[in-house]
Amino acid sequence: MKSLIVANWKCNPTTLKEAKGLFDSVKKALLRQRLRTGEGIKNIKNVEVVLCPPFIYLSSFKFQVSSFKLGAQNCFWEEKGAYTGEISPLMIKNLGIEYVIVGHSERRKYFRETDEEINKKIKKALSVGLKIILCVGETTEEKEQGKKQQVLIAQIEKALDRIPRDEMKNISVAYEPVWAIGTGNNCSTDETMKSIISIRQIITRLYNRETADKVRIIYGGSVNGENSGSYLKESLANGLLVGGASLKPEEFIKIVRSAT
Ligand code: PEP
């Protein structure tokens with residue numbers, strides 16, 4: 001299974017010029033990495049790299065992408081209609097974008113996104129042919145109250161409610177403990193491994209072992225060029241979701257390199 005390295009730019013940067021600059025730097029750095037390792041232009045062996053810029057920049061990048069994939073950071077749960085301000089999964093798909101992040105903790109927190117809404121988004125996005133990166137993870141309070149397992153079960157069961165087994169190949173799950181996002185307060189690789197095993201067990205119970213084994217379960221939370229290799233080697237993570245460090249091209253490439 002190819003590792004999945006996802007760059008979540010969140011609400012950054014604030015001008016198209018800067019976004020293009022960042023995009024070009026990442027593209028060039030990926031290219032250098034390929035030349036260095038003597039690999040073909042299309043693929044870094046065993047790694048799938050997905051950049052998720054803000055919606056507004058996606059169409060500017062679409063035609064330039066050859067060496068990595070693009071994803072959106074969110075989507076709506078309907079295809080079209082009177083929903084002012086929303087971006088539909090079909091619009092994203094029709095732009096030629098392959099991935100969408102659903103259920104990021106910042107959307108759950110600041111936009112009060114519920115598990116039921118996340119489930120509706122996943123269903124619609126799958127129906128138009130998008131691939132999903134579903135984010136789950138416990139908050140500080142939930143961790144302190146010993147509720148991590150309960151939270152993971154509830155989030156995954158609700159998000160995957162009535163998602164057919166044959167769609168699971170289009171879903172990756174990102175374990176992102178909320179207390180580790182953007183804080184520098186990393187989850188230990190041991191704790192991450194335990195969570196990844198739990199998540200795979202939950203998916204096994206909902207579907208079966210064969211299906212669960214094909215789902216990529218990745219880690220996100222203060223990943224950088226120094227610690228990325230340990231997550232990939234020691235925690236059973238099939239990839240990484242990177243926020244802050246994905247805005248620094250050289251740092252991001254270090255992370256990609258650690259997955260090759
Ligand atoms: C994220 O945006 O999901 C994330 C993990 O951010 P950071 O890497 O900055 O912690």
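Remember, it's 1-based here, ligands and their atoms both numbered in the order they're listed. A quick note: this is a predicted structure, and the numbers were derived from the prediction, not measured.
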Gly244 heavy atoms within 4.0 Å reach ligand 1 at atoms 7 (P), 8 (O), 9 (O)
Donor + acceptor pair across side chains of Asn208, Thr211 (<3.5 Å): yes
Counting from 1 in the order shown, the ligand 1 atoms closer than 4.0 Å to a non-hydrogen atom of Gly221 are 5 (C), 10 (O)
Looking at Lys121, Glu86, His104, which hits side-chain hydrogen bond (donor to acceptor under 3.5 Å, both in side chains) with Asn74? Lys121
Numbering as shown, the atoms of ligand 1 that approach Gly182 to under 4.0 Å (heavy-atom distance): 7 (P), 9 (O), 10 (O)
Any heavy atom of His104 under 4.0 Å from ligand 1? The part involved is side chain
Under 4.0 Å to a heavy atom of Ser222 - the qualifying atoms of ligand 1, by number: 7 (P), 8 (O), 10 (O)
Does the distance from a Lys or Arg side-chain N to an Asp or Glu carboxylate O, for Glu113 and Arg108, drop under 4.0 Å? no
Ala245, any N or O under 3.5 Å of ligand 1 N or O: no
Any N or O on Asn8 sitting closer than 3.5 Å to an N or O of ligand 1? yes
Side chains of Glu138 and Tyr175, donor plus acceptor under 3.5 Å: yes
Check whether Gln155 reaches the backbone of Leu152 with its side chain - one donor and one acceptor, N or O, closer than 3.5 Å. no
Would you check if there is a donor-acceptor pair between the side chains of Ser258 and Ser228 at a distance under 3.5 Å? yes
Taking non-hydrogen atoms only, is Leu241 closer than 4.0 angstrom to ligand 1 via side chain, backbone, both or neither? both
Under-4.0 Å salt bridge between Arg205 and Glu157: yes
Less than 3.5 Å between some nitrogen or oxygen of Gly220 and one of ligand 1, yes or no? no
Taking atom 2 (O) of ligand 1 as the reference point, the nearest protein heavy atom with its distance: Lys10 CE, 2.6 Å
Is the closest basic N to carboxylate O distance between Arg216 and Glu48 below 4.0 Å? yes
Short N/O distance, under 3.5 Å, between Thr183 and ligand 1? no
Please write down residue, atom name and distance for the protein heavy atom closest to atom 5 (C) of ligand 1. Glu176 OE2, 3.0 Å
